[in-house]
Amino acid sequence: EVLMAGMSQLPDYELHLLSRISKERKAELERLAPQNSNVVFHNGTGDEEYQALLTGAFALVSGSRDEGFGIPLVEAMAVGTPIVVSDIEIFREIGGTAAKYFDQENPEEFAKAIRGLSANDSWQRASEAAAAQSKKFSWDVSAKKLLALIQQI
């Protein structure tokens with residue numbers, strides 16, 4: 001909801017919603033969107049389309065209130081796409097100082113975070129920070145930690 005409401009302040013940006021949603025949910029979100037806003041509903045994507053959208057994006061955004069981990073954040077950062085995400089604990093853990101955070105109840109904060117990436121060389125710095133942050137995560141390291149934990153049990 002916060003992303004849809006925030007789009008009223010971002011007329012020069014396009015928001016792509018990738019998740020599969022019901023027709024009813026789409027209608028609810030469309031009612032929240034400002035007139036003539038640039039919102040694209042994908043209703044799910046394949047791997048190739050997802051990668052193309054991720055690498056071509058100005059930023060990956062998420063207004064999530066609750067997440068298990070946030071793999072898309074790591075995927076975005078790995079290709080140098082800045083992340084602008086709601087200020088929840090797991091996103092802080094994953095994004096560290098590389099992410100831009102906003103209150104998931106505040107569309108103005110979301111819009112301000114996006115516009116902030118456009119100032120001077122902010123996008124380039126955020127891209128470099130994202131790529132560096134992503135290096136803290138790997139499947140190999142995760143597997144080794146899981147195996148060590150299992151061996152302790």
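Quick note: residue numbers are just sequence positions, from 1.
Other residues, nucleotides and ligands contribute more than 12 heavy atoms inside 6.0 Å of the CZ atom of Arg115. Applying the 6.0 Å contact sphere to CG of Asp47 captures no more than 12 heavy atoms from other residues, nucleotides or ligands.
Taking every heavy atom of both residues into account, Gly63 and Gln104 meet most closely at O-CB, 3.7 Å. Ser134 and Ala131 get closest at one heavy-atom pair: OG-O, 2.8 Å. Across all non-hydrogen atoms, the minimal contact from Gln133 to Glu93 is NE2-O, 4.1 Å. Here the closest non-hydrogen pair linking Ile88 and Arg65 is CG2-O, 3.7 Å. The two residues Val61 and Phe110 make their nearest non-hydrogen contact at CG1-CE1, 3.8 Å. Minimum heavy-atom separation, His16 to Leu53: ND1-CD2, 3.9 Å.
Of the inter-residue distances, the one linking Leu18 atom CG with Thr45 atom OG1 reads 5.0 Å to the nearest 0.5 angstrom. From Leu117, atom CG reaches atom CD1 of Ile83 across 10.5 Å, with rounding to the nearest 0.5 Å. Considering CD of Glu30 and CE of Met4, their distance stands at 7.0 Å, rounded to 0.5 Å. From Tyr101, atom OH reaches atom CZ of Arg92 across 5.0 Å, with rounding to the nearest 0.5 Å. In this structure, the separation between NZ on Lys145 and OG on Ser138 is 8.5 Å, given to the nearest 0.5 Å. Distance check: Leu147 CG to Gln152 CD gives 10.5 Å after rounding to the nearest 0.5 Å.
The backbone N or O of Val85 lies less than 3.5 Å from no partner atom in the side chain of Ser62, so there is not a single donor-acceptor pair. A donor-acceptor pair under 3.5 Å is formed between the side chain of Asn38 and the backbone N or O of Pro11.
A salt bridge does not link Arg31 to Glu24: none of the charged nitrogens lies less than 4.0 Å from a carboxylate oxygen. Ion pair Glu128/Arg125 not flagged as a salt bridge, since none of the NZ, NE, NH1 or NH2 atoms sits closer than 4.0 Å to an Asp/Glu carboxylate oxygen.
At least one side-chain heavy atom of Pro72 sits under 4.5 Å from a side-chain heavy atom of Leu60. A heavy-atom distance below 4.5 Å is not found between the side chains of Glu67 and Ile94. Counting only heavy atoms from C-beta outward, the side chains of Lys112 and Asn106 never approach each other to under 4.5 Å.
Using a 30° and 60° split on the angle between ring planes, Phe58 and Tyr13 fall in the tilted class, from 30° to 60°.
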- Task: Test Ile21 against Leu29 for side chain to side chain contact (heavy atoms under 4.5 Å, CB included), laying out the working first.
- Result: CA-CA 10 Å; Ile21 57 174; Leu29 291 174; 4.1 Å; yes
- Message: Checking Met7 against Leu10 for the side chain to side chain contact (heavy atoms under 4.5 Å, CB included) test, could you report, in this order, the C-alpha distance in whole Å, the side-chain angles of both residues, the deciding distance, and whether it holds?
- Response: CA-CA 5 Å; Met7 289 304 291; Leu10 299 167; 4.3 Å; yes
